[in-house]
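Atoms within each ligand, like the ligands themselves, are counted from 1 in listed order. Every heavy atom of this structure was used, including side-chain atoms; hydrogens, water molecules and symmetry mates were not. All figures in this text were calculated on a predicted structure; none of them were measured in a lab.
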Amino acid sequence: MYKVGITGGIGSGKTTACKVFEVLGIPVFYADTVAKEIMCKDVVLVAGIKSAFGQESYFEDGKLNNKHIVGIVFNNEEALAKLNALVHPAVFRAFDAWEETLPKSVPYSLKEAALLFESGSYKMCDTTTLVTAPYEMKLKRVMQRDGVSAEQVKARINKQLNDDEKSKLANHFIVNDEQKSIIEQVMALHQQFLKVAESLKSANA
Ligand code: ATP
(Lines give C-alpha, C1' and ligand atoms only; values in the text may rest on other atoms or scores of the structure.)
Protein backbone atom coordinates (compact mmCIF):
# COMPACT_ATOMS: atom_id res chain seq x y z
CA MET A 1 0.00 0.00 0.00
CA TYR A 2 1.12 3.55 -0.79
CA LYS A 3 2.56 5.03 2.43
CA VAL A 4 2.63 8.71 3.25
CA GLY A 5 4.78 9.90 6.15
CA ILE A 6 3.61 13.08 7.86
CA THR A 7 5.60 15.14 10.31
CA GLY A 8 6.14 18.64 11.63
CA GLY A 9 7.63 20.42 14.60
CA ILE A 10 5.93 20.41 17.96
CA GLY A 11 2.69 22.41 17.75
CA SER A 12 2.85 22.67 13.95
CA GLY A 13 -0.53 20.94 13.68
CA LYS A 14 0.38 17.54 12.25
CA THR A 15 -2.21 15.74 14.40
CA THR A 16 -4.82 18.32 13.37
CA ALA A 17 -3.97 17.69 9.69
CA CYS A 18 -4.15 13.92 10.26
CA LYS A 19 -7.64 14.27 11.75
CA VAL A 20 -8.73 15.84 8.44
CA PHE A 21 -7.23 12.91 6.50
CA GLU A 22 -9.13 10.56 8.85
CA VAL A 23 -12.39 12.34 8.04
CA LEU A 24 -11.61 11.61 4.37
CA GLY A 25 -11.37 7.90 5.28
CA ILE A 26 -7.59 7.56 5.38
CA PRO A 27 -6.22 5.44 8.24
CA VAL A 28 -3.50 7.11 10.30
CA PHE A 29 -0.80 5.35 12.33
CA TYR A 30 0.18 7.66 15.20
CA ALA A 31 3.77 6.50 15.77
CA ASP A 32 4.35 8.48 18.96
CA THR A 33 1.20 7.15 20.63
CA VAL A 34 2.03 3.61 19.53
CA ALA A 35 5.60 4.01 20.83
CA LYS A 36 4.25 4.83 24.31
CA GLU A 37 1.90 1.82 24.20
CA ILE A 38 4.45 -0.73 23.04
CA MET A 39 6.99 0.39 25.63
CA CYS A 40 4.74 -1.50 28.06
CA LYS A 41 3.44 -4.23 25.74
CA ASP A 42 6.18 -5.38 23.34
CA VAL A 43 8.04 -8.07 25.28
CA VAL A 44 11.23 -7.74 23.23
CA LEU A 45 11.27 -3.98 23.76
CA VAL A 46 10.48 -4.23 27.49
CA ALA A 47 13.33 -6.72 27.93
CA GLY A 48 15.68 -4.45 25.97
CA ILE A 49 14.79 -1.38 28.06
CA LYS A 50 15.23 -3.29 31.34
CA SER A 51 18.57 -4.60 30.17
CA ALA A 52 19.78 -1.14 29.07
CA PHE A 53 18.36 1.01 31.86
CA GLY A 54 17.70 -1.36 34.77
CA GLN A 55 14.75 -3.29 36.22
CA GLU A 56 13.56 -0.06 37.86
CA SER A 57 12.58 1.15 34.37
CA TYR A 58 9.20 -0.49 35.09
CA PHE A 59 6.89 -0.50 38.09
CA GLU A 60 5.60 -3.80 39.47
CA ASP A 61 2.30 -3.38 37.58
CA GLY A 62 4.23 -3.24 34.27
CA LYS A 63 3.85 0.51 33.74
CA LEU A 64 6.86 2.43 32.46
CA ASN A 65 8.77 4.43 35.07
CA ASN A 66 8.90 7.60 32.97
CA LYS A 67 10.73 9.59 35.63
CA HIS A 68 13.54 7.03 35.74
CA ILE A 69 13.90 6.88 31.94
CA VAL A 70 13.68 10.65 31.43
CA GLY A 71 16.22 11.11 34.24
CA ILE A 72 18.67 8.95 32.30
CA VAL A 73 18.11 10.16 28.74
CA PHE A 74 17.55 13.88 29.42
CA ASN A 75 20.63 15.73 28.18
CA ASN A 76 22.45 12.41 27.61
CA GLU A 77 22.79 11.95 23.85
CA GLU A 78 24.30 8.48 24.14
CA ALA A 79 21.53 7.14 26.39
CA LEU A 80 18.85 8.74 24.18
CA ALA A 81 20.37 7.13 21.08
CA LYS A 82 20.34 3.78 22.93
CA LEU A 83 16.65 4.19 23.82
CA ASN A 84 15.78 5.21 20.24
CA ALA A 85 17.68 2.23 18.85
CA LEU A 86 15.39 0.01 20.94
CA VAL A 87 12.10 1.84 20.37
CA HIS A 88 12.28 2.72 16.65
CA PRO A 89 12.58 -0.87 15.31
CA ALA A 90 9.68 -1.89 17.58
CA VAL A 91 7.55 0.94 16.15
CA PHE A 92 8.48 -0.18 12.60
CA ARG A 93 7.30 -3.70 13.50
CA ALA A 94 4.05 -2.31 14.93
CA PHE A 95 3.49 -0.24 11.77
CA ASP A 96 3.95 -3.28 9.52
CA ALA A 97 1.52 -5.29 11.67
CA TRP A 98 -0.99 -2.41 11.58
CA GLU A 99 -0.76 -2.15 7.78
CA GLU A 100 -1.56 -5.85 7.49
CA THR A 101 -4.87 -5.23 9.28
CA LEU A 102 -6.07 -2.59 6.79
CA PRO A 103 -8.75 -3.54 4.26
CA LYS A 104 -7.58 -3.82 0.63
CA SER A 105 -10.02 -1.03 -0.30
CA VAL A 106 -7.92 1.55 1.59
CA PRO A 107 -6.11 3.59 -1.10
CA TYR A 108 -3.17 4.76 1.02
CA SER A 109 -2.13 5.13 4.65
CA LEU A 110 -0.50 7.83 6.72
CA LYS A 111 2.24 7.46 9.30
CA GLU A 112 2.39 10.42 11.67
CA ALA A 113 5.66 10.77 13.57
CA ALA A 114 7.27 13.79 15.23
CA LEU A 115 10.72 12.34 14.44
CA LEU A 116 9.95 10.95 10.98
CA PHE A 117 13.16 12.40 9.55
CA GLU A 118 15.33 12.16 12.66
CA SER A 119 14.49 8.45 13.16
CA GLY A 120 15.06 7.56 9.50
CA SER A 121 11.55 6.10 9.26
CA TYR A 122 10.77 8.44 6.32
CA LYS A 123 12.88 6.07 4.21
CA MET A 124 10.17 3.44 4.63
CA CYS A 125 7.49 5.80 3.30
CA ASP A 126 6.73 6.38 -0.39
CA THR A 127 6.39 10.11 0.11
CA THR A 128 6.49 12.63 2.96
CA THR A 129 4.52 15.68 4.03
CA LEU A 130 5.81 18.39 6.34
CA VAL A 131 3.42 20.55 8.35
CA THR A 132 4.87 23.96 9.12
CA ALA A 133 3.80 26.92 11.23
CA PRO A 134 5.52 30.12 12.36
CA TYR A 135 7.71 29.68 15.46
CA GLU A 136 5.71 32.05 17.71
CA MET A 137 2.47 30.31 16.71
CA LYS A 138 3.86 26.87 17.60
CA LEU A 139 5.07 28.23 20.92
CA LYS A 140 1.70 29.76 21.79
CA ARG A 141 -0.27 26.65 20.71
CA VAL A 142 1.78 24.24 22.82
CA MET A 143 1.82 26.55 25.85
CA GLN A 144 -1.98 26.71 25.67
CA ARG A 145 -2.51 23.02 24.92
CA ASP A 146 -0.09 21.60 27.50
CA GLY A 147 -0.16 24.41 30.10
CA VAL A 148 3.65 24.75 30.01
CA SER A 149 6.04 27.71 29.93
CA ALA A 150 7.66 29.21 26.82
CA GLU A 151 11.04 27.96 28.08
CA GLN A 152 9.76 24.37 28.33
CA VAL A 153 8.38 24.51 24.78
CA LYS A 154 11.59 26.09 23.45
CA ALA A 155 13.64 23.30 25.05
CA ARG A 156 11.45 20.74 23.24
CA ILE A 157 11.65 22.63 19.91
CA ASN A 158 15.44 22.83 20.19
CA LYS A 159 15.68 19.03 20.38
CA GLN A 160 14.09 18.63 16.93
CA LEU A 161 15.50 19.31 13.46
CA ASN A 162 14.43 22.79 12.34
CA ASP A 163 11.95 23.31 9.50
CA ASP A 164 14.71 24.29 7.03
CA GLU A 165 16.43 20.94 7.56
CA LYS A 166 13.14 19.02 7.43
CA SER A 167 12.08 20.87 4.26
CA LYS A 168 15.05 19.43 2.40
CA LEU A 169 13.72 15.93 3.03
CA ALA A 170 9.99 16.61 2.53
CA ASN A 171 8.06 16.05 -0.71
CA HIS A 172 4.85 17.92 0.21
CA PHE A 173 3.97 20.77 2.55
CA ILE A 174 1.02 21.94 4.61
CA VAL A 175 1.34 25.51 5.84
CA ASN A 176 -0.67 25.76 9.05
CA ASP A 177 -0.29 29.48 9.68
CA GLU A 178 -3.99 30.14 10.37
CA GLN A 179 -4.11 32.13 7.09
CA LYS A 180 -4.30 29.30 4.59
CA SER A 181 -7.04 26.71 5.06
CA ILE A 182 -5.63 23.46 6.44
CA ILE A 183 -8.73 21.59 5.20
CA GLU A 184 -8.27 22.78 1.60
CA GLN A 185 -4.57 21.90 1.66
CA VAL A 186 -5.28 18.41 3.00
CA MET A 187 -8.01 17.87 0.40
CA ALA A 188 -5.65 18.91 -2.42
CA LEU A 189 -2.95 16.52 -1.18
CA HIS A 190 -5.54 13.76 -0.74
CA GLN A 191 -6.43 14.07 -4.44
CA GLN A 192 -2.74 13.86 -5.39
CA PHE A 193 -2.15 10.80 -3.18
CA LEU A 194 -5.27 9.07 -4.54
CA LYS A 195 -4.02 9.58 -8.11
CA VAL A 196 -0.54 8.20 -7.38
CA ALA A 197 -1.93 5.27 -5.37
CA GLU A 198 -4.36 4.46 -8.19
CA SER A 199 -1.67 4.60 -10.88
CA LEU A 200 0.61 2.34 -8.81
CA LYS A 201 -2.25 -0.10 -8.31
CA SER A 202 -2.95 -0.20 -12.07
CA ALA A 203 0.75 -0.66 -12.85
CA ASN A 204 0.94 -3.61 -10.43
CA ALA A 205 -2.33 -5.22 -11.61
P1 ATP B 1 2.78 17.79 18.93
O2 ATP B 1 4.00 17.46 18.16
O3 ATP B 1 3.06 18.58 20.15
O4 ATP B 1 1.88 16.61 19.21
P5 ATP B 1 1.19 18.66 16.65
O6 ATP B 1 2.09 19.09 15.55
O7 ATP B 1 0.55 17.30 16.49
O8 ATP B 1 1.90 18.82 18.04
P9 ATP B 1 -1.46 19.64 17.10
O10 ATP B 1 -1.64 18.85 18.36
O11 ATP B 1 -2.22 19.23 15.89
O12 ATP B 1 0.08 19.77 16.75
O13 ATP B 1 -1.77 21.18 17.35
C14 ATP B 1 -1.24 21.85 18.50
C15 ATP B 1 -2.33 22.72 19.12
O16 ATP B 1 -2.62 23.79 18.21
C17 ATP B 1 -3.63 21.95 19.34
O18 ATP B 1 -4.22 22.41 20.53
C19 ATP B 1 -4.50 22.35 18.12
O20 ATP B 1 -5.86 22.31 18.41
C21 ATP B 1 -3.99 23.77 17.83
N22 ATP B 1 -4.05 24.08 16.39
C23 ATP B 1 -3.45 23.39 15.39
N24 ATP B 1 -3.71 23.96 14.20
C25 ATP B 1 -4.52 25.03 14.45
C26 ATP B 1 -5.13 26.02 13.61
N27 ATP B 1 -4.98 26.05 12.29
N28 ATP B 1 -5.88 26.96 14.22
C29 ATP B 1 -6.03 26.97 15.57
N30 ATP B 1 -5.48 26.07 16.42
C31 ATP B 1 -4.73 25.11 15.87
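Separating the CG atom in Asn171 from the CG atom in Asp126 is a distance of 10.0 Å, to the nearest 0.5 Å. Note: Lys166 NZ to Ser12 OG = 7.0 Å, rounded to the nearest 0.5 Å.
Each of the following atoms of ligand 1 lies closer than 4.0 Å to a heavy atom of Glu178: 26 (C), 27 (N), 28 (N), 29 (C). Each of the atoms 23 (C), 24 (N), 25 (C), 26 (C), 27 (N) of ligand 1 lies under 4.0 Å from some heavy atom of Asn176. Counting the atoms of ligand 1 from 1 in the order shown, those under 4.0 Å from a heavy atom of Gly13 are 5 (P), 6 (O), 9 (P), 11 (O), 12 (O), 13 (O). Atoms of ligand 1 lying under 4.0 Å from any heavy atom of Gly9, numbered from 1 in the order shown and given with element: 6 (O). Less than 4.0 angstrom separates some heavy atom of Thr15 from each of these atoms of ligand 1: 7 (O), 11 (O).
For Thr7 and Glu112, the side-chain atoms include no donor-acceptor pair closer than 3.5 Å. Looking only at atom types and distance, the side chain of Ser121 has no donor-acceptor partner in the side chain of His88 under 3.5 Å away.
Cation-pi geometry between Lys63 and Tyr58 is not satisfied (NZ or CZ under 6.0 Å from the ring centre, within 45° of the ring normal). In this structure, Lys111 fails the cation-pi test against Tyr122, since its NZ or CZ atom is not both closer than 6.0 Å to the six-membered ring centre and inside 45 degrees of the ring normal.
Taking atom 2 (O) of ligand 1 as the reference point, the nearest protein heavy-atom neighbour is Lys14 NZ, 2.5 Å. Residue, atom and distance of the protein heavy atom nearest to atom 20 (O) of ligand 1 are Thr16 OG1, 4.4 Å. Here the protein heavy atom with the shortest distance to atom 8 (O) of ligand 1 is Gly11 N, 3.1 Å. Annotation: atom 3 (O) of ligand 1 to nearest protein heavy atom, Arg145 NH2, 2.6 Å.
No side-chain heavy atom of Leu169 sits under 4.5 Å from any side-chain heavy atom of Thr128. For the pair Val91 and Phe29, the minimum side-chain heavy-atom distance is below 4.5 Å.
When the options Arg156, Arg141, Lys180, Gln179 are ranked by their closest heavy atom to atom 15 (C) of ligand 1, first place goes to Arg141.
Ring pair His68/Phe59: centre-to-centre distance not below 6.0 Å.
The shortest N or O to N or O distance between Val142 and ligand 1 is not under 3.5 Å.
The shortest heavy-atom distance from Ile10 to ligand 1 is under 4.0 Å. Assignment of Ser12 to the shell around ligand 1 is supported, since a heavy atom sits closer than 4.0 Å. Residue Ala114 places every heavy atom at 4.0 Å or more from ligand 1.
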